[in-house]
Amino acid sequence: MPNLNLPFLGHGCDYNPDQWRAYPEILNEDIRLMKLANCNLMSVGIFAWTALEPEEGRYDFDWLENVLNRLHEAGISAFLATPSGARPAWMSHRYPEVLRVRADGLRNFHGERHNHCFTSPVYRGFVNRMNTALAERFGKHPAVVGWHISNEFSGECHCELCQAAFRDFLKAEYGTLEALNAAWWTGFWSKPYTDWAQLHSPSPVGENSLHGLNLAWHRFCTRQTTDFIRKEAEPLRRLTPHLPVTTNLMELFGQLNYFELADALDFTSYDSYPLWGNPDQEWVAAGAAFNYDLMRSLKQRPFALMESTPSQVSWKNVCKLKKPGVHFLSSMQALAHGADTVQYFQWRKGRGGCEKFHGAVVGHAGHEHTRTFRDVQSVGDALLKLVDLRGAMPGAEVALICDTENRWALEDCQGPRRDLKYIDTVLEHYRALSRRGVNIDIIDETRDFSGYKLVAAPMLYMLRPGVAERLTEYVKNGGTLVCTAMTGRVDRNDLCFLGGFPGPLRQTLGIWIEEVDALYDDETNDVEMGGQSYSCATVCDLIHAETAQVLGAYASDFYAGEPCVTRNDFGGGAAYYIATRPDANCLDAFYKEVFDRAGVRPLIDDLPVGVQVTSRGDALFVMNFTGAPVSVTLPAGTDMLTGERVGGETELGINGVKIIKF
Amino acid sequence: MPNLNLPFLGHGCDYNPDQWRAYPEILNEDIRLMKLANCNLMSVGIFAWTALEPEEGRYDFDWLENVLNRLHEAGISAFLATPSGARPAWMSHRYPEVLRVRADGLRNFHGERHNHCFTSPVYRGFVNRMNTALAERFGKHPAVVGWHISNEFSGECHCELCQAAFRDFLKAEYGTLEALNAAWWTGFWSKPYTDWAQLHSPSPVGENSLHGLNLAWHRFCTRQTTDFIRKEAEPLRRLTPHLPVTTNLMELFGQLNYFELADALDFTSYDSYPLWGNPDQEWVAAGAAFNYDLMRSLKQRPFALMESTPSQVSWKNVCKLKKPGVHFLSSMQALAHGADTVQYFQWRKGRGGCEKFHGAVVGHAGHEHTRTFRDVQSVGDALLKLVDLRGAMPGAEVALICDTENRWALEDCQGPRRDLKYIDTVLEHYRALSRRGVNIDIIDETRDFSGYKLVAAPMLYMLRPGVAERLTEYVKNGGTLVCTAMTGRVDRNDLCFLGGFPGPLRQTLGIWIEEVDALYDDETNDVEMGGQSYSCATVCDLIHAETAQVLGAYASDFYAGEPCVTRNDFGGGAAYYIATRPDANCLDAFYKEVFDRAGVRPLIDDLPVGVQVTSRGDALFVMNFTGAPVSVTLPAGTDMLTGERVGGETELGINGVKIIKF
Amino acid sequence: MPNLNLPFLGHGCDYNPDQWRAYPEILNEDIRLMKLANCNLMSVGIFAWTALEPEEGRYDFDWLENVLNRLHEAGISAFLATPSGARPAWMSHRYPEVLRVRADGLRNFHGERHNHCFTSPVYRGFVNRMNTALAERFGKHPAVVGWHISNEFSGECHCELCQAAFRDFLKAEYGTLEALNAAWWTGFWSKPYTDWAQLHSPSPVGENSLHGLNLAWHRFCTRQTTDFIRKEAEPLRRLTPHLPVTTNLMELFGQLNYFELADALDFTSYDSYPLWGNPDQEWVAAGAAFNYDLMRSLKQRPFALMESTPSQVSWKNVCKLKKPGVHFLSSMQALAHGADTVQYFQWRKGRGGCEKFHGAVVGHAGHEHTRTFRDVQSVGDALLKLVDLRGAMPGAEVALICDTENRWALEDCQGPRRDLKYIDTVLEHYRALSRRGVNIDIIDETRDFSGYKLVAAPMLYMLRPGVAERLTEYVKNGGTLVCTAMTGRVDRNDLCFLGGFPGPLRQTLGIWIEEVDALYDDETNDVEMGGQSYSCATVCDLIHAETAQVLGAYASDFYAGEPCVTRNDFGGGAAYYIATRPDANCLDAFYKEVFDRAGVRPLIDDLPVGVQVTSRGDALFVMNFTGAPVSVTLPAGTDMLTGERVGGETELGINGVKIIKF
């Protein structure tokens with residue numbers, strides 16, 4: 001598998017000169033401005049299908065060749081995109097089967113992107129011919145450094161072709177209807193299937209509460225999308241084995257299991273659109289960092305920041321401008337967590353289209369005399385100075401589990417609460433861990449735990465086969481495990497463990513969960529721990545500490561005084577349980593204790609809240625997201641941006657960042 | 001008609017061993033635990049169709065016989081359910097006509113329960129054959145003490161079969177299109193029907209604002225559902241005339257007119273899921289009591305509490321645990337209002353299915369060492385001590401009208417407000433009446449009023465033929481009638497009365513309603529009455545007291561000083577009008593006055609707010625829903641739970657209950 | 001074109017005696033009461049299709065002739081309605097093509113009004129035959145003074161007939177697919193059309209974010225509706241050229257471009273339902289006044305107030321009664337702004353139908369002894385005294401642009417905010433202008449600006465061809481122009497202007513807009529202007545004053561101190577820019593300054609907030625919407641209602657109105 005292996009840190013944009021072919025002067029001006037902005041990497045061809053194949057079977061690639069030539073002449077490389085994120089109108093019109101069918105069984109009209117059936121042999125055939133032709137024509141073009149497959153995969157199709165594929169998937173998964181019925185507990189409400197032909201995707205106007213079916217459908221959608229990607233990539237990999245393949249992934253995306261999908265990619269790339277401007281900037285920055293860590297962890301390789309905005313987006317209800325300094329800081333943050341590129345959507349704002357007001361390097365005014373352009377230039381400058389970072393990885397002693405299949409199950413769960421706030425909880429643990437100033441890997445429950453000193457696994461409701469055993473082994477061998485409310489309830493088919501929750505983790509955690517209370521949205525309980533009182537919310541597991549020590553207890557309701565936070569010393573390690581969803585101060589105090597016992601060392605001690613720190617290779621990134629100047633004690637080293645020596649107590653300005661080489 | 005006539009107070013659960021056939025050790029363990037929990041009555045076979053008929057025409061009843069045998073050996077009786085609440089996948093697959101069609105004309109896919117057409121001859125045929133076979137096989141089984149038909153009837157179907165049945169219903173109702181057009185006032189917006197074939201059920205994508213049509217459709221749905229129940233019961237009644245037939249009804253259920261549907265049942269049964277844990281526990285308890293009184297009043301017979309939860313539910317947004325004492329108190333409350341059983345959904349939590357986290361007697365841990373199990377045991381203990389109550393009825397001097405057809409009309413009403421809060425208003429009057437410490441019957445406007453000293457009829461917007469005359473006769477003969485805002489506007493077809501509202505009750509109430517003002521959700525007016533000031537909301541009828549005396553007046557807006565509360569002494573009785581929706585204090589003061597004049601005597605004087613009292617036979621129930629200890633003056637008698645003498649000022653603990661035999 | 005040219009000020013109602021044909025005594029009683037209420041103008045035949053044509057091809061007009069005869073005998077005139085606002089059930093049943101198809105491609109069932117395809121030749125044929133027959137029979141009836149076409153046109157149809165018509169419309173608009181693709185910027189997301197057959201109306205299940213398509217569809221719907229109206233009117237105009245034609249228009253109606261549709265009418269008529277009773281009565285009154293001014297401005301002729309309620313409506317969530325005096329005041333307000341009639345929906349409340357509780361002159365009580373009836377009588381009295389006003393027009397020096405196509409574009413706009421509050425902003429400017437005590441015309445950007453001293457053009461995002469040039473010419477010639485945030489972004493196809501916003505108005509306004517920030521709903525910035533500080537919200541254009549003078553600046557966020565309010569002296573006039581959405585106080589201060597410089601004179605100086613003033617011919621209307629008594633300095637003249645001399649400081653009571661003849 002080829003890797004993203006650029007001789008530079010990439011800096012550039014989605015570039016769509018195909019939209020500007022009626023404005024012939026624009027291409028020259030674009031090249032001039034790209035150089036001025038220190039850009040070296042453009043993504044071209046995204047959504048360009050109709051431009052590339054204006055009628056069935058007739059390809060028009062000359063314009064693209066001209067663009068690639070011009071870029072190359074200017075010393076600019078390119079990711080070449082396949083156009084399959086949207087199909088041409090002529091295709092939908094002639095072959096309606098390429099359009100998706102909704103869960104109610106009705107077929108969409110043509111329109112929008114991402115509106116094609118992933119199963120359709122007609123669509124797959126068109127994609128194969130297009131990609132073959134692109135690879136043949138441009139596979140050896142000197143500007144091309146990688147393939148950008150389609151765009152932001154998402155969605156599902158319920159057509160008869162997909163139903164047939166889904167049935168085949170189920171046969172392969174379960175073998176027999178007996179096994180399927182047992183796994184899905186179809187005896188409830190007379191749901192047993194007695195013929196494979198009766199199986200159908202979940203639908204709001206049909207079967208929609210059979211959790212096993214819902215899970216299987218989610219898995220099938222990931223499987224089918226991943227299969228589609230592999231088929232997309234097949235001619236590319238065959239004809240251009242030297243070029244790495246990626247597709248751009250999305251923030252906190254729950255529809256697809258990226259841990260499975262990433263297997264079909266050579267490197268990951270990511271579209272990052274944090275809510276900069278939101279009053280809680282620390283929370284926003286933690287969320288951004290979480291996603292970067294996820295993208296890096298998916299393949300344990302640096303990733304491409306494929307899209308970000310140099311200014312504002314256009315598709316949120318309220319699209320705030322980046323304040324001064326935020327663009328530089330947010331770009332460095334991506335780098336800090338493992339990005340080898342900083343790229344934007346997009347280079348030049350289109351005159352029309354629904355994203356015409358999305359921030360871009362070049363606006364409708366068309367020139368370089370803008371705050372945004374200057375911000376972009378300064379990032380380009382910095383990337384030149386930081387080139388040695390490319391390929392470098394942080395070493396993480398701490399892993400946080402965010403498991404997509406677990407998310408599917410929890411979000412479908414009925415009882416004790418419809419909204420169990422899985423992702424919020426994961427992010428709260430991420431923020432608490434990052435406040436301690438360490439590098440963090442984001443993994444799912446299928447990954448190897450053995451390399452970490454600490455594994456935090458909030459709300460690990462679903463334990464797939466072997467997971468509990470591997471976690472137990474991990475703790476026995478000296479690892480530290482943190483679990484929380486809603487842990488250890490079901491197996492991979494959403495069948496409850498019998499014999500007492502948390503099921504196969506009961507001995508490891510040393511507790512038995514007898515009941516779970518749910519709290520109203522505006523209701524809290526309190527946790528007494530270490531002489532302090534904290535607030536907690538959402539759910540309260542009522543637990544018996546069987547072998548665990550009680551570290552904290554509930555303070556109100558009828559379970560006041562009962563255990564809430566426990567530690568079970570088990571083998572060479574320790575397994576913690578937080579039986580509820582505590583507030584940030586509680587998690588801070590908790591993890592301080594846990595880090596001390598587990599021997600996890602921060603990169604910087606006494607990090608102020610809102611300052612993030614991460615390391616990459618021999619560089620330390622210190623980033624100020626507090627919204628105010630802040631004083632931090634830095635280790636001695638060289639400021640890679642200024643070349644100056646730094647160290648000791650240092651003031652970081654608003655949105656300030658230091659990148660220090662040891 | 002056979003009655004529910006058990007030799008004990010029933011205690012038990014929905015029991016689905018069909019879901020556990022792959023776990024052969026479970027049945028023995030279940031029987032052991034049932035005896036430990038003092039259970040004597042299980043409901044079996046609910047939703048078991050695919051287990052009972054795994055393929056068309058092939059019945060597999062042996063497992064059920066084994067279960068019934070085992071129960072009987074253990075001294076446990078059973079309600080035997082028909083499985084028609086959900087159809088097997090094979091049936092939907094082969095006979096799509098059994099699936100419902102939505103109001104937009106599209107047919108559902110297979111899935112979920114309650115998704116079958118009540119008209120379909122295919123479905124009715126399958127049900128008939130199944131029920132015949134069940135009755136033949138188990139009708140004489142010694143464990144079986146009654147039939148549990150289907151489950152929680154609800155919903156509607158708009159298929160062509162239903163459209164044809166609806167047209168037949170309309171022909172029978174109206175005879176001619178002229179009569180139908182006149183009754184529905186179709187001249188408005190050119191809606192006259194000129195051919196029966198033009199008639200179609202209401203639809204959001206068709207006709208949806210013709211109130212007469214909407215009412216007729218509601219009536220048809222009740223009629224068709226009731227007809228379905230009768231057809232379901234026909235083979236049962238024919239083959240097992242000794243066994244009573246019921247189906248389980250739901251809380252505040254507005255789709256079906258239970259007063260009509262109950263005619264098809266031998267006794268009523270009820271699924272009770274109050275929001276215990278909600279901060280306003282008095283309101284929750286009043287709502288629970290209201291529904292119990294309704295279930296008893298429907299047939300003026302004791303009812304079965306067919307479902308309740310020993311712990312928490314799983315299907316609400318927030319599912320709170322029952323706090324200590326609440327399960328005992330809430331079970332006794334059902335008994336207090338006329339239940340002859342306390343049953344749970346369900347016996348054992350399933351490993352899967354969308355209700356796997358619903359509270360059950362036996363949880364996933366599988367043993368008896370839980371708070372929930374102990375709570376259930378204590379209820380079982382108590383029921384043994386209270387066995388003499390079975391069959392006993394309260395004698396109610398007070399009736400509250402909650403009329404389903406009136407509800408349909410009010411909820412469809414346009415003007416003066418979309419949300420007229422009919423059910424809220426009915427419950428507010430119920431709470432006020434129950435605070436006075438009396439037994440209350442819940443009736444609709446078709447029932448006989450003559451046996452009551454007081455009839456409260458909030459928002460009796462629709463007066464069907466004869467109702468006004470019967471209410472007038474009732475007052476003339478010495479009865480006391482309480483009416484409120486929005487009374488006496490329309491006839492059974494939603495045609496307004498001409499000549500001045502409240503139409504045919506104008507003379508009886510002695511008022512004329514000239515206008516109605518609507519208040520915003522956050523807006524109130526005030527009522528001055530008896531020297532006190534109260535708040536009121538929602539709607540304000542502007543009335544002229546023609547022969548009535550004015551008891552209270554509005555205090556603000558342009559109608560300040562105009563009458564708001566009136567009494568009309570009429571014949572030997574009195575008719576009150578409250579022209580708005582007053583607050584709880586106002587209703588308390590109002591009903592205190594009304595009770596005194598009407599000579600209605602409380603069961604206990606000076607009842608603290610939040611303590612409920614009711615009598616059944618010679619037993620008095622005193623129940624503390626205040627959430628705190630409270631002092632009550634009890635009459636002298638024997639505490640049926642402890643055997644001790646009680647009387648005089650007595651402290652009731654949190655969630656405490658006393659059951660006193662005179 | 002004939003005009004509305006009545007010999008009186010019209011006073012009357014929608015009158016539907018067809019609904020009461022089973023109540024033969026009603027017609028006589030109606031005539032008696034109409035005379036008592038000083039009514040002289042009834043609208044008859046609305047929605048009466050089934051009464052007029054009970055089966056295909058059989059007309060029954062005798063009842064209508066009798067009604068017209070009876071009205072005429074009583075000295076009452078009539079607008080005769082065509083019944084096409086709702087079709088008979090027999091028509092939908094036999095010709096399903098007359099029913100609309102929804103955007104998802106599915107056809108509606110029969111039901112409701114406004115549910116017919118405007119393209120269907122079958123429907124158009126029925127309408128043509130009906131209207132021909134009506135005109136032949138009643139065109140010379142002495143009671144008939146005008147035609148009321150259909151009712152409240154609205155909605156759209158997506159059937160294949162409409163798709164074909166839409167494609168024809170697009171061919172006529174764009175000529176070639178190349179031009180269409182360029183205009184819609186279809187290169188984005190691979191949306192080019194390569195065959196006309198691929199074009200389809202926007203759909204939530206198809207193409208829905210192509211702004212050019214969406215705009216074209218809006219234009220098509222207006223075009224097709226207007227074409228339908230012309231075809232409706234064709235037999236009327238041919239057979240009764242002396243009778244003017246109207247249809248009733250609706251409040252702030254955004255679906256149809258009334259500025260285009262009005263061309264098909266001889267005079268406009270309006271259905272006015274302000275939220276009287278809302279706590280912010282000044283805002284309600286300003287909104288009502290805005291719509292009246294629009295109706296007058298559409299054809300620069302007096303209009304008919306075709307519908308209003310004498311009491312309350314029935315179709316809002318909360319329908320409040322008009323307080324004492326409000327009906328008189330609100331009726332005079334319509335007159336003040338150019339109405340030549342005051343009409344109600346409706347004369348008599350129907351017994352049934354979904355609007356049976358809508359306020360009417362005669363209620364269900366059926367007599368005249370009601371507050372509402374007396375209110376109506378007093379309006380009738382006043383209209384007799386004010387008859388000289390008929391046909392008179394105000395002379396407006398101030399115009400406010402509210403452009404429907406601009407509204408379509410802004411409401412579809414993505415970025416910088418989903419909700420840009422165009423209509424709110426227009427109304428805020430209207431209120432600010434009206435607080436200055438002047439007459440105001442409401443125009444769109446196609447109208448002539450040259451006659452005005454001041455043109456306010458809030459959020460003029462879309463500048464169609466020639467508009468910027470005409471605005472520039474207007475300013476050059478001495479006019480005063482006010483623009484605001486979100487001005488000058490796109491052309492008529494929603495293509496952005498290149499070279500710097502506000503595009504072709506950049507020189508005229510003397511500013512360049514570099515960026516736009518969006519504010520959260522609960523977020524504000526501040527404007528410092530003239531030593532005062534004000535609040536602003538929603539969006540903040542960040543501008544460079546190129547030739548403009550800075551009048552006000554932002555006070556917070558990173559753009560504190562940057563220009564916010566500017567004036568550019570340009571040619572003989574001035575062009576202002578307000579770069580955000582300021583609060584009411586800011587607009588008041590701003591317009592005070594603008595009026596002084598532009599030499600616009602108020603009708604009354606120092607008008608208290610909440611008092612509205614307008615003039616019509618030689619009459620001055622002064623209206624108190626403050627909800628309290630208020631003192632105003634009146635010019636000397638005669639009170640037209642009392643005949644008394646007035647002038648100088650005068651107290652206006654709550655809801656008081658003075659109409660003063662100079």
Side-chain angles (χ1 to χ4, degrees), chain B residues 104-106 181-195 197-200 202-203 205-213 412-419 489-491 493-501 503 512-521 523 540 542 557-559, chain C residues 16 18-23 47-51 54-55 83 85-90 92-93 99 102 106-113 115 277-279 311-321 323-324 349-359 363-367 369-372:
Chain B
D104 63 2
L106 300 172
N181 283 319
W184 294 359
W185 203 259
T186 54
F188 186 72
W189 289 356
S190 193
K191 296 185 179 186
Y193 295 93
T194 53
D195 188 313
Q198 295 156 4
L199 281 147
H200 191 277
S203 170
V205 298
E207 183 57 62
N208 57 57
S209 72
L210 191 55
H211 300 301
L213 170 67
D412 199 28
C413 186
Q414 294 190 21
R417 226 177 176 278
R418 264 324 277 193
D419 182 3
R489 300 314 207 256
V490 300
D491 71 10
N493 286 300
D494 208 57
L495 280 187
C496 286
F497 296 119
L498 300 181
F501 297 134
W512 169 45
I513 305 161
E514 184 183 334
E515 301 184 80
V516 198
D517 200 17
L519 275 60
Y520 292 115
D521 281 346
E523 190 184 6
C540 294
L542 306 196
D557 213 327
F558 71 88
Y559 39 93
Chain C
N16 294 99
D18 43 308
Q19 294 174 21
W20 294 90
R21 285 192 286 166
Y23 302 73
F47 296 126
W49 198 321
T50 314
E55 60 184 273
R87 65 271 63 79
W90 56 254
S92 306
H93 195 245
L99 294 170
R102 302 186 297 279
L106 300 172
R107 194 176 295 277
N108 281 350
F109 295 139
H110 175 75
E112 302 306 315
R113 50 184 187 169
N115 183 11
N278 182 292
S311 165
Q312 70 197 141
V313 298
S314 62
W315 40 268
K316 284 179 177 157
N317 285 340
V318 175
C319 308
K320 298 197 74 65
L321 291 171
K323 295 184 200 294
K349 289 182 182 176
R351 287 197 67 182
C354 64
E355 296 192 333
K356 63 180 172 297
F357 292 125
H358 193 289
H364 295 111
H367 56 61
H369 308 296
T370 63
R371 187 171 73 98
T372 298

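Small disclaimer: the values here were computed from a predicted structure and weren't measured.
When heavy atoms are compared at a cutoff of 4.5 Å, B/Asp557 approaches chain C solely by way of its side chain, counted from C-beta outward. For a residue to count as touching a neighbouring chain, one of its non-hydrogen atoms must lie under 4.5 Å from one of that chain's; by this rule C/Lys349 does not touch chain B. Using a 4.5 Å cut-off between heavy atoms, B/Cys540 makes no contact with chain C at all. Contacts of B/Leu213 with chain C are absent, with no heavy-atom separation under 4.5 Å from either backbone or side chain. Heavy atoms of B/Ala197 lying under 4.5 Å from chain C belong to its backbone as well as its side chain. With a 4.5 angstrom heavy-atom cutoff, C/His367 touches chain B only via side-chain atoms. With a threshold of 4.5 angstrom between heavy atoms, B/Asn493 does not approach chain C through any atom at all. For a residue to count as touching a neighbouring chain, one of its non-hydrogen atoms must lie under 4.5 Å from one of that chain's; by this rule B/Leu199 does not touch chain C. Residue C/Asn317 touches chain B through both its backbone and its side chain, counting heavy-atom pairs closer than 4.5 Å.
The most heavy-atom pairs under 4.5 Å with chain C, out of B/Tyr520, B/Trp185, B/Phe497, B/Tyr559, come from B/Trp185. Of the listed residues (C/Gly359, C/Gly366, C/Gly353), the greatest number of heavy-atom pairs within a distance under 4.5 Å of chain B belongs to C/Gly353. Chain C forms the most heavy-atom pairs under 4.5 Å with one residue out of B/Leu106, B/Leu519, B/Asn181, B/Asp521, and that residue is B/Leu519. By number of non-hydrogen pairs under 4.5 angstrom with chain B, the leading residue of C/Ser311, C/Pro324, C/Pro83, C/Pro88 is C/Pro324. Ranking B/Val516, B/Asp491, B/Asp419 against chain C, the residue ahead of the rest is B/Val516, based on heavy-atom pairs under 4.5 Å.
Heavy-atom minimum distance, B/Gly415 versus C/Cys319: CA-SG, 4.4 Å. Pairing each heavy atom of C/Lys320 with each of B/Ala518, the nearest pair is NZ-O, 2.7 Å. In terms of heavy atoms, B/Gly187 sits closest to C/Gln19 at C-CG, 3.7 Å. Nearest heavy atom pair, residue B/Cys413 against residue C/Phe357, reads SG-CE1, 3.6 Å.
The OG atom of B/Ser190 sits 12.5 Å away from the CZ atom of C/Arg113 when rounded to the nearest 0.5 Å. C/His110 contributes atom NE2, which lies 6.0 Å from atom OH of B/Tyr193 (distance to the nearest 0.5 angstrom). One distance of note links OG1 of C/Thr370 with CH2 of B/Trp512; it measures 6.5 Å at 0.5 Å rounding. B/Leu498 contributes atom CG, which lies 4.5 Å from atom CZ of C/Arg351 (distance to the nearest 0.5 angstrom). Taken to the nearest 0.5 Å, the CD atom of C/Gln312 stands 12.5 Å off from the CZ atom of B/Arg417. Here C/Lys356 contributes atom NZ and B/Phe188 contributes atom CZ; the two are 9.5 Å apart, rounded to the nearest 0.5 Å.
The backbone N or O of C/Leu321 lies less than 3.5 Å from a partner atom in the side chain of B/Asp517, making a donor-acceptor pair. In terms of modelled atom types and a separation under 3.5 Å, the side chain of B/Glu514 and the main chain of C/Arg371 share a donor-acceptor contact. Looking only at distances, a side-chain donor or acceptor of B/Glu207 sits under 3.5 Å from a matching main-chain atom of C/Glu112. When atom types are taken as modelled, the side chain of C/Thr50 and the backbone of B/Lys191 share no donor-acceptor pair closer than 3.5 angstrom.
Contact of the B/Val205 side chain with the C/Arg102 side chain is registered, since non-hydrogen atoms from C-beta on lie closer than 4.5 Å.
Between B/Phe501 and C/His364, the ring planes are tilted. Angles from 30° to 60° get that label.
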- [ ] Begin from the C-alpha positions of C/Glu55 and B/Thr194 and carry the test side chain to side chain contact (heavy atoms under 4.5 Å, CB included) through to its verdict.
- [x] CA-CA 8 Å; C/Glu55 60 184 273; B/Thr194 53; over 6 Å; no
